[in-house]
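The structure appears below as structure tokens.
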Amino acid sequence: MGPASFLTLPPRPSKPRSTGLTHVLDPGVTPAAAADVLGGAAAHVDIWKTGWGTAYVDARIGEKLAVLAAHDVASCLGGTLLEIAWAQGAAEACLAWAHAAGFTHVEVSRGTMPMSLDAKHELVRRAADRFVVLTEVGAKDPHQRHTLAQWGDEAGRDRAAGAALVVAEGRQSGTVGIYDADGSVREDVVDAVVDAVGPDRVVFEAPRAGQQAWFIRRFGPAVSLGNVALDEVLSVETLRLGLRSDTAAVTVPDVAAAEPVR
């Protein structure tokens, strides 16, 4: 039996997409687990990020990257590993290793190591000749808050340096960066990043369902969402298509204005 087709739903372009990206966070699953996830959800996954330094210690990373390639899913090296390599003077070795392993994308961040913006942008330029580059803006430390001007300035300068996409920091917890400690969205920060680079060039890290729904309601189904858990890919797609109560107005516009049934 093929997929259901009896509903009128918002249009979703097929891959490769330039907007409406779903960027997932891999905590270090096996190639078989990756194949299992993609067996039913490959059409809904655009970028697969190997979180933290898991790729470095995974003896089967080549097998996993082959699985991703077979399902037309971009593979992205997480930024923390490149930061640590940079701090040890091994950034070029890290990039060469990632290229040889088969990664298609790399993330360049400065949320862990004390890296200047100039050093970050030099890394972007060095990586851009071999990879699609994503940069991350925002601090991982909840006690370190950028000003709105800093958010916008860094995002804009990242793009000018060669970043294809800017990732707005939210971490796996959804409690820092573009979020307050309770997980609520810092709308002024979101606006600052969008004003700097445009909504189509931002991936908003949104690990929680409520956060994902907020971005879809604000920007529509074509918003790009990051740090999606592997077991929530289909759930995010239903939010995009208005198949959940939180975003039903996407599919049935009149529902937003309707009086509740009493």
Side-chain angles (χ1 to χ4, degrees), residues 17-23 25 46-47 49 74 76-80 82-83 86 105-128 131-181 183-208 211-228 240:
R17 287 180 280 264
S18 59
T19 61
L21 307 176
T22 294
H23 163 293
L25 177 62
D46 300 281
I47 302 173
K49 181 172 77 172
C76 184
L77 185 70
T80 299
L82 184 55
E83 284 191 54
W86 170 85
H105 293 45
V106 296
E107 180 183 83
V108 178
S109 60
R110 62 183 194 121
T112 301
M113 294 295 156
M115 182 188 300
S116 69
L117 263 181
D118 286 344
K120 179 186 185 184
H121 295 151
E122 176 59 25
L123 268 183
V124 171
R125 287 187 285 269
R126 289 165 64 182
F131 306 95
V132 175
V133 178
L134 286 68
T135 56
E136 187 176 72
V137 294
K140 298 182 186 299
D141 183 347
H143 302 295
Q144 181 184 349
R145 285 205 169 193
H146 294 347
T147 66
L148 296 182
Q150 286 174 320
W151 278 94
D153 179 66
E154 184 164 348
R157 290 177 63 184
D158 285 0
R159 282 280 289 150
L165 294 166
V166 173
V167 179
E169 175 71 77
R171 298 207 76 179
Q172 186 185 26
S173 63
T175 58
V176 298
I178 56 175
Y179 304 107
D180 284 319
S184 58
V185 180
R186 298 173 62 195
E187 297 185 40
D188 55 348
V189 174
V190 169
D191 289 341
V193 176
V194 169
D195 288 347
V197 300
D200 292 349
R201 295 296 90 197
V202 185
V203 176
F204 298 101
E205 291 189 342
R208 302 185 184 187
Q211 296 164 348
Q212 296 155 3
W214 186 93
F215 282 106
I216 291 166
R217 290 194 299 267
R218 172 69 181 276
F219 297 107
V223 68
S224 293
L225 301 174
N227 276 12
V228 173
R240 292 188 187 280

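As a basis for the values below, the full set of heavy atoms in this structure was taken, side chains included, without hydrogen atoms, waters or symmetry mates. All values derive from a computational prediction rather than experimental measurement.
Side-chain contact between Glu107 and Leu82 is absent, with no heavy atoms from C-beta onward closer than 4.5 Å. Side chains of Leu134 and His23 form a contact here, defined as non-hydrogen atoms less than 4.5 Å apart. Looking at heavy atoms from C-beta onward, Arg240 lies in side-chain contact with Val223 at the 4.5 angstrom threshold. Under the 4.5 Å side-chain criterion, counting only non-hydrogen atoms from C-beta, Trp86 is not in contact with Glu122.
Between Phe219 and Phe204, the ring-plane angle classifies as parallel under the 30° and 60° cut-offs.
In this structure, Gly152 and Ala196 approach most closely via the heavy-atom pair O-CB, 3.3 Å. Closest of all the heavy-atom pairs between Ala119 and Ser116 is N-OG, 3.0 Å. For Asp46 against Thr22, the heavy-atom pair with the smallest separation is OD2-N, 2.8 Å. Gly162 approaches Val133 most closely through the heavy-atom pair O-CB, 4.4 Å.
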For this session: With side chain to side chain contact (heavy atoms under 4.5 Å, CB included) as the test, would you mind laying out the steps for Asn227 and Lys49 before giving the verdict?
Result: CA-CA 8 Å; Asn227 276 12; Lys49 181 172 77 172; 3.6 Å; yes

For this session: Check the pair Asp158 / Arg201 against salt bridge (Lys or Arg N to Asp or Glu O under 4.0 Å), numbers first and verdict last.
Result: CA-CA 11 Å; Asp158 285 0; Arg201 295 296 90 197; over 6 Å; no

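In this structure, Asp153 CG and Thr147 OG1 are separated by 8.5 Å, a value rounded to the nearest 0.5 Å. A distance of 12.5 Å separates CD1 of Ile47 from CG of Leu25, quoted to the nearest 0.5 Å. The CG atom of Asp188 lies 4.5 Å from the CG atom of Leu148; values are rounded to the nearest 0.5 Å. Note: Ile178 CD1 to Arg186 CZ = 9.5 Å, rounded to the nearest 0.5 Å.
Tested against Arg110, the residues Glu136, Glu154, Glu83 include a single side-chain hydrogen bond (donor to acceptor under 3.5 Å, both in side chains) partner, Glu154.
In this structure, Gln211 contributes its side chain and Gly183 its backbone to a donor-acceptor pair below 3.5 Å.
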